[in-house]
Amino acid sequence: MEFDTITAISTPLGEGAIAIVRISGDEAIEIADRIFKGPGRKGLLEVNSHTIHYGHLIQPKTGEIIEEVMVSVMKGPKTFTREDVVEINCHGGIVSVNRVLQLILSQGARLAEPGEFTKRAFLNGRIDLSQAEAVMDLIRAKTDKAMNVALGQMEGRLSKLIQNLRQEILQTLAQVEVNIDYPEYDDVEEMTHRLFLEKGSYVKTEIEKLLHTAQQGKILRDGLATVIIGRPNVGKSSLLNSLVHENKAIVTDIPGTTRDVIEEYVNVRGVPLKLVDTAGIRETEDIVERIGVERSRAVLKEADLILLVLNYSDDFTAEDEKLFQAVEGMDVIVIINKTDLPQKIDLAKVKENSTSHKVVSTSLLEDKGVDELEKAIASLFFEGSLETGDLTYVSNARHIALLGQALQSISDAVEAIEMGTPIDLVQIDFTKAWELLGEIIGESVQDNLINQLFSQFCLGK
Amino acid sequence: MQYEAGSYDVIVIGAGHAGSEAGLAAARVGAKTMMITINLDMVAFMPCNPSVGGPAKGIVVREIDALGGEMGKNIDKTHIQMRMLNTAKGPAVRALRAQADKFLYQQEMKKTIEDQENLTLIQGMVEELIVENDVCTGVITKTGAVYRAKTVVITTGTYLRGEIILGELKYSSGPNNQQPSIRLSEHLEQLGFDLVRFKTGTPPRVNSSSIDYSKTEIQPGDEVPRAFSYETTKFITDQLPCWLTYTNEGTHQLIDDNLHRSPMYSGMIKGTGPRYCPSIEDKVVRFNDKPRHQIFLEPEGRNTKEVYVQGLSTSLPEDVQVKILQTIPGLEKAEMMRAGYAIEYDAIVPTQLWPTLETKKIKNLYTAGQINGTSGYEEAAGQGLMAGINAGLNAIGKEELILSRSDAYIGVLIDDLVTKGTNEPYRLLTSRAEYRLLLRHDNADLRLTEIGFNIGMIKEERYNRFLLKKEAVEMEKGRLKSNFIKPTKEVQEVITASGGSELKDGIRASDLLKRPEMDYSHIQRLAPSDVELSGEVTEQVEIQIKYEGYIEKSLQQVDRLKKMENKKIPENIDYDAISGLATEARQKLKLVHPLSVAQASRISGVNPADVSILLVYLEQGKIARVSQ
Ligand SMILES: Cc1cc2nc3c(=O)[nH]c(=O)nc-3n(C[C@H](O)[C@H](O)[C@H](O)COP(=O)(O)OP(=O)(O)OC[C@H]3O[C@@H](n4cnc5c(N)ncnc54)[C@H](O)[C@@H]3O)c2cc1C
Ligand SMILES: Nc1nc2c(ncn2[C@@H]2O[C@H](COP(=O)(O)OP(=O)(O)OP(=O)(O)O)[C@@H](O)[C@H]2O)c(=O)[nH]1
Ligand SMILES: [Mg+2]
C-alpha cells in the first residue's frame, strides 16, 4: 500500500557504533510513542517537532526494556519525506538494530521497500523533476535484486515450511469457500467451528515455531552471502581461514580436499559476511566430489559477493575462464594467490577477464595482501555498490515482521472462532495470514484459492 | 436491398438476460431505445437451469434491483420456490436463490419490456454494425433494415457461431436449436476484435410423470416469504418442491464404458469449458474416487412436466443419456424429453473493453453478457444493466457510471473481466470479492440506491422510502450506543437463558449486542425502542453493530484502495516512454489501458515495483505540467 507508515534501517549495516532506524508516515510518532519510555512524563506525542529525546525502547506488552536510544521526532512537512518522521538512534550492532526494527514492525509499521523513502519524498513533492528518473531506476534495480534474494530463499528450508503451511491453510479456506458458494453440496464436509479451531490452532503453533527459529538468530545472523570459488587447490580454504582468523577449513595440497560447502560467519571491518567455501569447480568423476561441485554451483546463485581465487604459480586455464563466465554480472573480487611462488599466470588474461572487478594479489601462506582484500570488501560495501548485502538481511527482518503479522492474524482468527463468530468472518483473518505468508515467499494471489476450490472439490451442475 | 428502418439513441442487439436489462436501463435513463432479437418468443430465455440467484449471484440480483434493474422483480413474480442460503453463516454470505418458472419468467419480462416507455422491441437478425471512423452508428439486419443509433450494445450470448454437440453429432446452432449468429461473429472479427472459443453444456430434461419421487428426498422452499426486490410487496406462497437423488457406481461404470463416444474425449470439443460446471463425464473422470454425485430434480415451471436434471450436464450421445438416467434412483423409468448437449460459441476477449463496457476499438459500441466471456444469467444481467445504463447516458450526453470493487459484486465482475480477462467462462464466486463483508445481500440498497436515483433509474417515491430507512437505521444505532443496560435481575436472566455469562457491570446496549449469543430481539426486550421499527431496519442495526470491528477493517482497506483509484492514468499515456517498467508489465499495461493506478495494480504481471514506477512517472508528469 502506498500511504501507510513505513520503517527501515537507514544507516549501513555492520558493527558501526550507532545505527539509525527511521519511521515515516501518519502513525510514525504514535508508534514510536508506544514503544518509548523517557525519563520525563511527556510522551512523544506531546513533544515539540524537531526535538531529540533520550530514553529506552520497551516492549509495550511486557514493559521489558529493549534498548537505550535517542529518538528524534520530526513532524511533516518539514522532513525528508514530508510526512511525520521519527529517527531512532541505537547501538549499531546487527542484533540490536534488528531488535529495534522488529519492535517497530510489531507495532504496525511496514518494512519499507527498497528506495521507498526516496519515492515518498518524491511523491510528496520533496524532490524535483530531475531526480525522478533516478528514483525510478533505483526502484527497478533494488527490486530486481530483492527478487533474486527472494528467489534464493524460495529454495530454502524456510520457504518449504511456509509453502506447506500455506497449502494447509489454503485447503481449509477452500473448504470454507465451498460451503459458502455451494451450500447445497452435502458431500463437502461442513467446516464447523470445531474443525476450524483445530486447523487454526495448528497453523498458529506452526507459525510460532517458525517465528521462534527465525528470532533465534539463525536467519538473523545472515550477512552478505560471500562465496569463495576457484579451481581445486588454489587456496580457497586457506582464504576462508585467514578471513576467519581460525583454522576452520581443512587445508591440504591434495586438489579436491574440500568436498562440500562450508559456511562461516565473519565480520570483516564492520561488514557482516556469511562466508562460503566451496568445492573447487571442475569436471570430475568422483561422485562425492561431484555432488560438492553441484552444490557449489547452487550456492553461487544466491551469492551477493564472489571471491574468485586464481593461482599465481599456474597457467590461466580454460576452467578459470569458465569461472569468470559463471559469475558474470555479479559483484566479484579477484584474488591472485600464491604470489610467493614463481609466476606462471598470464596477467594480461586476468586483466582481460576482470574489467569490472577489483583484483587483489595475496600470498595466504605468508599472510600477505589479506589487509588489502579486507579493505576491498569493506569499501565495496560502504560505497553502496553492494546493495544486496542489506537486502539479504532486510529480507530476513522482513520475514520476521511478516511472520509476526501472520501470527497476529491467525491469533485473531482463533480468538474469533472461540467467540463463536461466523466462519466467513473468521475467514477474513485466516485469509490474511495466508496472504502474509505468501508475501514471504513472493506469491500471493487470490486466483490460487479459486483453483484450489475446483481441484479439491467436485462441483457443478 | 437495404432500407432505412429508423433511428434511435440506443440499439440493443439481443434480448437474453443481458439484453433485457440493457434495453430497459437505457430506456429508463431516458434514451430512446430499440431492442432487436432473433426470436421474440425467446426473450429472457433460460437455456440451462431454471433458477436465479445463489451465493454471489443472488447478491448481484439485489444490486441490479437497487440500481433500478428488472431481474429481481421479474423472478419475484415468477418463481416456484425461494430459499435463503447460508443462514447458519455470517451475514456477508447470505444469499437468496429462486427456482424459476422459466416460461412465466420469459412472458413477464417480455411484457415489462413491451410496456416500457421509450423502448421498442422487434424481431430481427443483425448481421453487421455500421462503423464510421471507428465509431459505431447503427446496425444492419439480414433483411436489409438499416437502424441508426448513437450507441449500440451487443448482447448475443452463446449465439455467435454457435455449434451444438451431442455425442457424435455436431451442427451449427444457437442454444436450444435457435438460429445461430454467424455473420455477426465474422463481422466482429473483420472489425479487428479478438475472439475466443468457449464451451458450456446442459443436462437432459425428463417428464415429471415418469419420475418415482418416493426414491428421492424432498427439497422444499423456505416457509418465510422472500423476495429479491426492495419493491416487491406480493409474495408467492404456493411453492413447488425440488427433489434430490444421487448417481451411483452403476452410473459411473456406464459413463466409463462410453467415454470413447464422448465428444469431450474424442477431441471434437475445442472450446474451453468452465471448471465449475463440469459435465457428468468430467466429474466421473476427474473425481473417480467419489462413490456418488448429487442430482437435483428441478421443475421447469408450473404448466409443464419438464424437469431439469441438475448435476447431469453432458454431451454424451442420446442413447447413452437415456441409459444413464435409468441408473439413478427415481429415474429408472424416466422419459427423457430433451437430451443434454454442449454448445461452443465465440466470445470477445474482455480486456478489449473499458470498465464502462464500451469497446476500446470502436467508440459508442458496448458489449455485455456471455459474449464477454462470462456464464450465468445474473452475470449477464449485471453487465447488461451497466452497458445499458452507460450506452443510454452516453447517448444523451451524460457522464457514464463505473462501479468499483467496493461498491458491488457487479463492480468486481466487470473489473475482473476488463482488467484480468478470463480463460474460461467466468462465474462470480464470493471469494472473488476482497470486500465480501461490505458487499452483502442485506445492504445492496444502502450501497446503490443513491446511485440508481442519481441516474434516473430509481423513482422518487422509492428513493424517499430508502432515505427513511437509512435514517431509522442510524437513529437506532445511535440509541443503542448511548443506551446503558444495568445488570438487573431481569437482564441477567435474559442473558443466561440465551447461554451467555452474567454481566459484571452495566454495559452499553450496542456492546451487549456484540456478544455472540445476543441478537436484536434480546436488546429489544432489555432496552425497547419507542418507535416501531421494520424488520429491515433492525436487521441492518444488528449486522452493523455486531460486525462493526470487521466492517471497520474492511472500510479502512477500501479507503486505501480509493486513494489509488483516485490516481488516474491519462488515456494517452505512452508506456514506452517510461523507463524502468518490466517488459511484461509494459505489455500488459498497453493491452489493458487501466484507468487508475489501482486498476493497474490488479493486472497480473504488473508488480509492485512497476506500480511504484508508474506512480513516480505520473507525478513527474504533474510537475512537468505545473512548471510549464
Ligand atoms: C447450453 C447452455 C448451457 C448453459 N449452462 C450454464 C450453466 O451451467 N451455468 C451458467 O451459469 N450459465 C449457463 N449458461 C449460460 C446462460 O444461459 C447465459 O450465461 C445467459 O443466458 C447469457 O445471457 P446473455 O444475455 O448474455 O445471452 P443469451 O441469453 O444467450 O441471449 C442472447 C440474445 O441475443 C440474441 N441474438 C444473438 N445474435 C443476434 C443477432 N445477430 N441479432 C439479433 N439478436 C441476436 C438472441 O436472440 C438472444 O436473445 C448456459 C447456456 C447454454 C446455452
Ligand atoms: N605457496 C603457497 N601455498 C599456498 C598459498 N595458499 C595456499 N597454499 C597451499 O595450497 C594448498 C591448497 O590450499 P587449499 O586452501 O586447501 O586450497 P583449496 O582451493 O581449498 O583446494 P580444494 O579444497 O582442494 O579445492 C595447501 O597446501 C596450501 O597450504 C600461498 O599463498 N602460497
Ligand atoms: Mg578447500
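The figures that follow rest on heavy atoms only: side chains count, while hydrogens, waters and symmetry mates do not. Chain naming here is simple, since letters A, B, ... match the order of the sequence lines and numbering starts at 1 in each.
Screening Asp181(A), Val176(A), Leu173(A) against Ser431(B) for a side-chain contact (heavy atoms from CB on, under 4.5 Å) leaves a single residue, Asp181(A).
Legend: residues meeting ring pair (Phe, Tyr, Trp, His ring centres under 6.0 Å) with His441(B), ordered by chain and number and at least two apart, are absent. Listed by chain and number, the residues in a side chain to side chain contact (heavy atoms under 4.5 Å, CB included) with Thr5(A) are Ile23(A), Glu27(A), Ala28(A), Ile31(A), Ala109(A) (sequence neighbours excluded).
Contact record, Pro183(A) with Pro55(B): CD-CG, 3.7 Å, taken as the closest heavy-atom pair.
Annotation: the span from Tyr550(B) atom OH to Asp429(A) atom CG amounts to 5.0 Å, rounded to 0.5 Å. Separating the CG atom in Asn86(B) from the CG atom in Asp424(A) is a distance of 7.5 Å, to the nearest 0.5 Å.
Side chains of Leu429(B) and Tyr182(A) form a contact here, defined as non-hydrogen atoms less than 4.5 Å apart. Residues Glu434(B) and Thr431(A) have side chains not in contact (no heavy-atom distance under 4.5 Å, counting atoms from C-beta outward).
Ion pair Glu177(A)/Arg432(B) not flagged as a salt bridge, since none of the NZ, NE, NH1 or NH2 atoms sits closer than 4.0 Å to an Asp/Glu carboxylate oxygen.
Annotation for Asn248(B): atom CG counts as buried by contact number, over 12 foreign heavy atoms lying within 6.0 Å. For Glu548(B), the CD atom counts as densely surrounded, since its 6.0 Å shell holds more than 12 non-hydrogen atoms of other residues, nucleotides or ligands. Enclosure of atom NZ in Lys553(B) by more than 12 non-hydrogen atoms of other residues, nucleotides or ligands within 6.0 angstrom is indicated.
The candidate from Arg515(B), Arg97(B), Arg83(B), Glu517(B) with the greatest count of non-hydrogen atom pairs under 4.5 Å with chain A is Arg97(B).
Neither the backbone nor the side chain of Lys546(B) comes within less than 4.5 Å of any heavy atom in chain A. Residue contact with chain B, scored on non-hydrogen atoms closer than 4.5 Å, involves the side chain of Ile428(A) exclusively.
In this structure, Lys89(B) contributes its side chain and Leu425(A) its backbone to no donor-acceptor pair below 3.5 Å.
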- Task: Output, in order, the C-alpha distance, side-chain angles, deciding distance and verdict of side chain to side chain contact (heavy atoms under 4.5 Å, CB included) for Val93(B) and Gln427(A).
- Result: CA-CA 12 Å; Val93(B) 295; Gln427(A) 177 95 333; over 6 Å; no

